[in-house]
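What follows is a short report on a single structure.
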Amino acid sequence: MYIVFWAMLGLLAIYLVRVVIGPSVWDRLLGLSLISTKIIVIIVVVASIYEKSFLLDFAIIYALSGFIGTIFIALFLSKQRLGRKRGKR
Amino acid sequence: MLVWLGNIIIVLGICFMIFGAWGLFKLKDFYSRILVASKIDTVGVVSLIIGFALRHGFSFFSSKLFLIMVILLVLNPLVAHILARSAYISGHDVGDDTPESEAKE
């Protein structure tokens, strides 16, 4: 089961590379939302290895708050007119 | 037998996630990237969680895992939609971040 843990950490590093080199700000946001999904899976793996069911509550709370954070960042960015068309749409 | 089945599904989930990561780098445009990454990532997470639930059989642990799966199934596509919508509203065109478009500018 540790292989799942290390696989998720490797994928997390790969998504961090995408967050760093992402050309537009939305690639960075996409990378961040994927990283939060990976962290949820890492919490589930740790909870499964140590057979502690209260750890899953952390995963639930993190799932809700992580996504809500990304949603509000995206809503904030949509008002900043960052795109090439300067938000003519 | 159940644990053995759970392990197979977990390996399947990891393969999905590796494809997602590979797709994230191979695709040149943001909109295709978000389509592939969020979809494959959701499927990967759901299959991983089902695999872990199978490993733990019918228990309190699995019920919490099922709740996490439901939350992720709802929230992941939602976030992908909001991201693509905010990119579209603030004028990020389809071919905006490809090398050709920068050269054309």
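The shown structure was predicted, so the numbers you read here are calculated from the model rather than taken from an experiment. The chains referred to below are lettered A, B, ... by the order of the sequence lines, with proteins before strands, and numbering in each begins at 1. Every heavy atom of this structure was used, including side-chain atoms; hydrogens, water molecules and symmetry mates were not.
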Membership question, hydrophobic clusters at under 4.5 Å side-chain separation (ILVMFWY): are [Y] and [X] in the same one?
{"X": "B/Ile14", "Y": "A/Ile42", "answer": "yes"}
{"X": "B/Met69", "Y": "B/Val74", "answer": "no"}
{"X": "B/Leu35", "Y": "B/Ile89", "answer": "no"}
{"X": "B/Leu5", "Y": "B/Ile50", "answer": "yes"}
{"X": "A/Ile49", "Y": "B/Leu54", "answer": "yes"}

Chain A contact via [X] - which portion, at a heavy-atom distance below 4.5 Å:
{"X": "B/Leu78", "result": "side chain"}
{"X": "B/Phe52", "result": "side chain"}
{"X": "B/Leu83", "result": "both"}
{"X": "B/Ile71", "result": "side chain"}
{"X": "B/Ile34", "result": "both"}

Distance check, rounded to the nearest 0.5 Å: [X] atom [atom1] versus [Y] atom [atom2]?
{"X": "A/Trp26", "Y": "B/Tyr31", "atom1": "CH2", "atom2": "OH", "result": "7.0 Å"}
{"X": "A/Leu30", "Y": "B/Arg33", "atom1": "CG", "atom2": "CZ", "result": "8.0 Å"}
{"X": "B/Phe61", "Y": "A/Leu55", "atom1": "CZ", "atom2": "CG", "result": "8.0 Å"}
{"X": "B/Met17", "Y": "A/Ile14", "atom1": "CE", "atom2": "CD1", "result": "12.0 Å"}

| remark: Of A/Leu77, A/Ile73, A/Leu29, the largest count of non-hydrogen pairs under 4.5 angstrom with chain B goes to A/Leu29

| If you count heavy-atom pairs under 4.5 Å between each of A/Gly10, A/Ser78, A/Ser33 and chain B, which one has the most? |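 So the answer, after comparing A/Gly10, A/Ser78, A/Ser33, is A/Ser78.
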
| task | Might you point out which heavy atoms bring A/Ala74 and B/Ser86 nearest each other, and give the distance in Å? | result |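 Of all heavy-atom pairs spanning A/Ala74 and B/Ser86, the closest is O-CB, 3.3 Å.
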
| Which heavy-atom pair separates B/Ala21 from A/Tyr15 by the least distance, and what is that distance? |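 Answer, listing the atom of B/Ala21 first, then A/Tyr15: N-OH, 3.7 Å.
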
With side chains defined as the heavy atoms from C-beta onward, is the minimum distance between [X] and [Y] less than 4.5 Å?
{"X": "B/Leu72", "Y": "A/Ile40", "result": "yes"}
{"X": "B/His56", "Y": "A/Ser48", "result": "yes"}
{"X": "A/Leu34", "Y": "B/Leu24", "result": "yes"}

| Passes side-chain contact (heavy atoms from CB on, under 4.5 Å), B/Phe25 versus A/Ile21? Steps please. | CA-CA 10 Å; B/Phe25 282 92; A/Ile21 63 171; 4.3 Å; yes

Per-residue contact mode, [X] against chain B (heavy atom under 4.5 angstrom):
{"X": "A/Lys52", "value": "backbone"}
{"X": "A/Ile68", "value": "neither"}
{"X": "A/Ile71", "value": "both"}
{"X": "A/Val45", "value": "both"}
{"X": "A/Thr70", "value": "side chain"}
{"X": "A/Val4", "value": "both"}

| request: Specify which of B/Ile49, B/Leu65, B/Ile18 makes the most heavy-atom pairs with chain A at under 4.5 Å. | output: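 Sorted descending by pairs with chain A, the first entry is B/Leu65.
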
| Heavy-atom contacts under 4.5 Å, residues 59-66 of chain A to chain B | A/Ala59, A/Ile60, A/Ala63, A/Leu64

| said: Checking A/Val44 against B/Leu48 for the side-chain contact (heavy atoms from CB on, under 4.5 Å) test, could you report, in this order, the C-alpha distance in whole Å, the side-chain angles of both residues, the deciding distance, and whether it holds? | reply: CA-CA 9 Å; A/Val44 165; B/Leu48 267 170; over 6 Å; no

[atom1]/[X]: more than 12 non-hydrogen atoms of other groups inside 6.0 Å:
{"X": "A/Phe5", "atom1": "CZ", "result": "yes"}
{"X": "B/Phe16", "atom1": "CZ", "result": "no"}
{"X": "A/Ile3", "atom1": "CD1", "result": "no"}

| said: Between A/Phe67 and B/Asn76, does the side-chain contact (heavy atoms from CB on, under 4.5 Å) criterion hold? Intermediate values first, please. | reply: CA-CA 8 Å; A/Phe67 282 138; B/Asn76 228 335; 4.1 Å; yes

